Each structure stands twice: as C-alpha cells, then as structure tokens.
Amino acid sequence: VPYVTGTDTPGSEDEDKVWHRLDSNGKPIGTFLYYNGAWRREYSGRPNQVCYYQGDPQYDFDTDGRGISEGDWDGWHLCNGLDGTMDMSDRFIVGSKIYEAAGLGWRTDVSGAPTHLGGAKDIQLDETNTYQPARAAVTVAKWKADGNTPDVGSGLYGAGASVTLVPGEAGVLTPPAIPTLPPYFALALVVFVGYL
C-alpha cells in the first residue's frame, strides 16, 4: 500500500509512503511526504505564488520569516524583504502588466509611468495643487461709474490716485497633509519558496 492514513505520525517503515493525515475527528487535513528528515505538507501551489496570511507568526515562521519545518507554513516565507523575498510590508497590491520589450518586468502605469513601486499615504497641499501664494500687495485704481474709464479727477485720493492694499500677516501658508488611505484590513503576505 503506497500510503498510510491516520492521525499519528507514521513510523520509519512508512517513510517511503504518502501520509494522508487526519485530525482527531477523522477529517482530512493534508497530504504529507517524507523529505529531508521530516514529514512535509504537499502543496499544489507554484514557486513564487503569493497569498495572504493571518495568524501568529511566532508559531508559524522563524525569526527571518521562513515557515517552520513540518509546520503548516513549511515552504512559505513572509514577504518581508529577507532571504530574497519582496518587502510587501505596509503596501497595497496593484494589478500590473509585463514590460518585456523594455526589459522592465512587471510594472503598472497607475502613476503615469511604468513602475513597480510607488504611492503615498497622504497629499501635501501647496500652491501647485490647491491655492495661490500670498501677494505682497494689491494696487486698486479709481474708476468712473461706467467701470471702463480710469477716474483721473480729484476725489478722495486725489487726481489719478490709486490705493495700495497691503495684506496683514499671511498666517499658515502650508496646510497640513491630507490622508489618502482608503478603508483597509491588514493581513500579511507570504510567498511559496519551497522546502529547505
């Protein structure tokens, strides 16, 4: 019989077989193969496949983020930038396309140019996107009632006079940054790197 089924870890005489592991209630929880001195879960995933992880990493991963041997996440690695993995900490995923002709690999155009990394958690408002900077002074000339002819007669300010309005203290010219984060739910990302 090329397989063994049960809750107990198979003995050394069965290390050449497939273990169909069951929980204490007889429900199947995985298929395992004996490899490199341990029963390892058989995955149908592909190399570099990425998926979400929710749990306590201290029980599933070592200090570098690699799945603990013989554990449920054996063969997987947290996407934390260690051991050649990409660092997906505090980032959203954006669908991308391949730029083979330019030799760029996977990129997105959401920012206007092909890039694999970008975005900002807030927007800094300034004169280029929200307001005009304060002027040093505004000069107001006198005009006749028709609104089209300068009033050069004698009046409150004298013949042909104009009034210069000088603004007071400008105050805060740079408003605080505005958050741009949409509603989110935080989970870790893991990548399948294979078994050691």
Side-chain angles (χ1 to χ4, degrees), residues 9-10 15 18-23 27-131 133 172-196:
T9 303
E15 290 174 358
V18 174
W19 176 24
H20 295 293
R21 186 176 174 187
L22 308 177
D23 68 9
K27 296 177 182 177
I29 58 174
T31 302
F32 293 74
L33 300 174
Y34 194 80
Y35 172 75
N36 200 17
W39 287 96
R40 316 298 281 271
R41 181 184 298 273
E42 183 180 25
Y43 287 102
S44 59
R46 301 290 185 262
N48 298 317
Q49 177 182 348
V50 175
C51 69
Y52 290 106
Y53 166 80
Q54 178 179 332
D56 190 340
Q58 70 176 340
Y59 297 113
D60 295 321
F61 300 91
D62 65 18
T63 55
D64 283 344
R66 180 178 280 278
I68 295 172
S69 177
E70 300 183 66
D72 288 335
W73 291 91
D74 188 7
W76 294 82
H77 199 295
L78 292 171
C79 294
N80 59 6
L82 299 177
D83 300 324
T85 64
M86 57 194 143
D87 190 356
M88 296 297 296
S89 306
D90 299 325
R91 296 200 175 274
F92 290 98
I93 295 177
V94 174
S96 60
K97 53 193 169 192
I98 194 77
Y99 279 83
E100 290 181 358
L104 297 176
W106 291 98
R107 297 290 189 268
T108 179
D109 290 333
V110 295
S111 62
T115 180
H116 75 283
L117 191 67
K121 63 179 174 39
D122 53 37
I123 295 174
Q124 182 63 58
L125 301 178
D126 59 31
E127 66 274 10
T128 66
N129 58 19
T130 53
Y131 66 90
V172 179
L173 295 181
T174 304
I178 295 178
T180 60
L181 280 174
Y184 63 87
F185 187 88
L187 292 173
L189 289 164
V190 294
V191 59
F192 188 72
V193 295
Y195 303 107
L196 288 176

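Nothing here was measured: the structure is a model prediction, and the numbers come from that model.
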- Item | Nearest non-hydrogen partners of G75 and F192, listed with the distance | O-CD1, 3.3 Å

- Atom CG of L187 and atom OH of Y52: how far apart are they, to the nearest 0.5 Å? 7.0 Å

- Give the minimum heavy-atom separation between P179 and D122, together with the two atoms involved. CA-CB, 3.9 Å

- Note, P10 side chain near Y34 side chain (heavy atom, < 4.5 Å): no

- Message: Is the shortest side-chain heavy-atom distance between V50 and M88 below 4.5 Å?
- Response: no

- Locate the shortest heavy-atom distance separating G95 from T108; write the atom from each residue and the value. O-OG1, 3.7 Å

- Stacked cation flag R107 on Y99, 6.0 angstrom / 45 deg: no

- Message: Would you say CG of D90 has more than 12 non-hydrogen atoms from neighbouring residues, nucleotides or ligands within 6.0 angstrom?
- Response: no

- Task: Measure up the Y35 and Y195 rings against each other and bin them: parallel (under 30°), tilted (30 to 60°), perpendicular (over 60°).
- Result: tilted

- Salt-bridge present (D74, R40; N to O < 4.0 Å): yes

- Task: Nearest 0.5 Å please: distance from the CG atom of L78 over to the CG atom of D64.
- Result: 10.0 Å

- Message: Measuring only between side-chain heavy atoms, which start at C-beta, is D109 closer than 4.5 Å to P114?
- Response: yes

- Message: Distance check, rounded to the nearest 0.5 Å: D62 atom CG versus H77 atom NE2?
- Response: 6.5 Å

- Over all heavy atoms of both residues, which pair between R41 and G30 is shortest? Give the atoms and the distance, please. NH1-CA, 3.8 Å

- Query: Between CG of D56 and CZ of F61, what distance do you get to the nearest 0.5 Å?
  - Reply: 10.5 Å

- Shortest non-hydrogen contact from R66 to V193? NH1-CG2, 3.5 Å

- Can you find a pair of side-chain heavy atoms, one from T85 and one from N80, that are under 4.5 Å apart? yes

- Query: Side chains of L189 and M86: does their closest heavy-atom pair fall under 4.5 Å?
  - Reply: no

- Item | Distance, nearest 0.5 Å, that separates NE2 of H20 from CD of E42 | 9.0 Å

- Message: Counting only heavy atoms not in N48 (residues, nucleotides, ligands), do more than 12 fall under 6.0 Å from its CG?
- Response: no

- Side-chain heavy atoms of Y53 within contact of W76, under 4.5 Å: no

- For the ring pair F32 and W19, is the centre-to-centre distance below 6.0 Å? yes

